[in-house]
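We count residues from 1, following the sequence as given.
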Amino acid sequence: EFRTAADIDRDSAAAQWGLARAYENLGQFSETVEALRKTNELAPDNLAAKVKLGNYYLLVQPPMVGETEKILEEVFAKDPNFIEGRILKASVFAVQMKPETEVLKVLDDAIALDEKRTDSYISKARYFMKIEKAKESEETIKKAISANPNAAAGYVEYGRFLDFADRSNESEAQFRKAIEVEPKNIESREAIADFFTSEKQYDKAEQIHRELVELQENSPESRLA
C-alpha cells in the first residue's frame, strides 16, 4: 500500500516514511536506507526519520560518521532536546571510541529528559554490554522496568539478556511478563518463540507461533514463520 502511494505521488513524504518502516520490519536494509533518504529530502522536519537514517549510517562498514554528524547538526538545530538525537550522539561517540564517561553522560542526559522512556535505558544497557560490563547492563535494564513497568520492551530486553548470560532458566518469566503487560505486542511473542526454539522446546514455540498467526490476522509472514 505504501509503495502504491509512493507511485501515485512521488513527492509524498508520508509514503516514503511508511515504506521505510515497512522495509525495516521486513529486514530489507538497502531499501530502508533509500526510503529514509527520500523521506529526509521530502520532509526535513521529520526528526525521527533523520535519526533513524543516522543509525543506519552507523551500521554500514565503515560507519558513515561524517554524514551522521551532519544529521545531528540538523536535528539539534530544530530541537536541542530531541531524545533520539541525544542517543544517536552517544552512538557516534561509541563508534569514535570516546571515553566511557563521555558516552554515559550523553545517555544519562537523554534519560533525564524523560525518565519513563524505556528505550533510553535499553540504549544505555546495550552500551554497557558492548564494553563488556554485564552487571551494569543488568542494573540498567532493571531500572528501565522500574521506570515503566507497563512497557513490554524492558522485559523483552531482560529476557534476552538473561538468555545471553546463560541464565535461560530465568528468561521465560521475563518474556511471559512482557506478554502479560502488552498482550498484543508482537515482538514479545517473537522473542519467546525464538527462545523456545533455541531451547528445543518446540511444542511451546509452535504454540506461540500459532498465537502470532492469530495476532497478525493470518498474514503470510506469520504463516511462513
May I have all residue pairs that pass salt bridge (charged side-chain N to carboxylate O under 4.0 Å, His left out) and include part of [range], sequence neighbours excluded?
range	result
residues 145-156	none
residues 62-71	none
residues 40-66	E24-K52, D45-K78, K50-E74
residues 82-98	E84-R117

Which atom pairs, donor and acceptor, lie under 3.5 Å between side-chain atoms of residues 185-193 and protein residues at least two apart or in another chain?
unit_1, atom_1, unit_2, atom_2, d
N185, OD1, E187, N, 3.1
N185, OD1, S188, N, 2.8
N185, OD1, S188, OG, 2.9
N185, ND2, E182, OE1, 3.4
E187, OE2, R160, NH1, 3.1
R189, NE, E211, OE1, 2.9
R189, NH1, P183, O, 2.4

With clusters built from Ile, Leu, Val, Met, Phe, Trp and Tyr whose side-chain heavy atoms come within less than 4.5 Å, directly or transitively, what are the remaining members of the cluster of [X], listed by chain and number?
X	answer
L47	W17, F29, V33, L36, V51, L53, Y56, Y57, L58, L59, V60, M64, V65, I71, L72, V75, F76, F82, L88, V92, V95
Y121	I111
F2	L19, Y23

To the nearest 0.5 Å, how far apart are [atom1] in [X] and [atom2] in [Y]?
X	Y	atom1	atom2	result
Q96	E102	CD	CD	9.5 Å
N46	T39	CG	OG1	7.0 Å
K184	I179	NZ	CD1	15.0 Å
R21	L26	CZ	CG	13.0 Å

Given salt bridge (Lys or Arg N to Asp or Glu O under 4.0 Å), test K204 with E199 step by step and report yes or no.
CA-CA 10 Å; K204 289 184 177 181; E199 293 289 305; over 6 Å; no
Does the side-chain contact (heavy atoms from CB on, under 4.5 Å) test come out yes or no for L42 and S12, once each step is laid out?
CA-CA 7 Å; L42 295 168; S12 171; 6.0 Å; no
Please determine if E206 and R210 form a salt bridge, counting it only when a charged side-chain N lies under 4.0 Å from a carboxylate O.
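Salt bridge flag = yes for R210 with E206.
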Look at R3 together with D7 and state whether they make a salt bridge at an N to O cut-off of under 4.0 Å.
no
So, using salt bridge (Lys or Arg N to Asp or Glu O under 4.0 Å) as the criterion, who are the partners of D79 when residues are at least two apart?
none
Please identify each residue that fulfils side chain to side chain donor-acceptor pair (under 3.5 Å) with E31, with sequence neighbours left out.
none
Taking only distance into account, with no hydrogens and no angle test, what donor-acceptor pairs under 3.5 Å do side-chain atoms of residues 162-169 form with protein atoms, sequence neighbours excluded?
unit_1, atom_1, unit_2, atom_2, d
R167, NE, E170, OE2, 3.0
R167, NH1, E138, OE1, 3.1
R167, NH1, E138, OE2, 3.3
R167, NH2, E138, OE2, 3.1
R167, NH2, E170, OE1, 3.2

Which heavy atom of N55 sits nearest a heavy atom of S91, and at what distance?
OD1-OG, 4.3 Å
Joint hydrophobic cluster, [X] plus [Y], side-chain heavy atoms closer than 4.5 Å:
X	Y	result
M129	Y127	no
F161	F175	no
V156	I122	no

Do side-chain atoms of T32 reach the backbone of Q28 as a donor and acceptor pair under 3.5 angstrom?
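Yes, T32 side chain to Q28 backbone: donor-acceptor pair under 3.5 Å.
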Would you call [X] and [Y] a side-chain contact if the rule is heavy atoms closer than 4.5 Å?
X	Y	answer
P63	T68	no
D108	K124	yes
S120	D114	no

Run the side-chain donor-acceptor check on residues 139-155: report pairs under 3.5 Å with partners two or more places apart or on a different chain.
unit_1, atom_1, unit_2, atom_2, d
T140, OG1, E136, O, 2.8
S146, OG, K142, O, 3.1
N148, ND2, K116, O, 3.4
Y155, OH, P149, O, 2.9

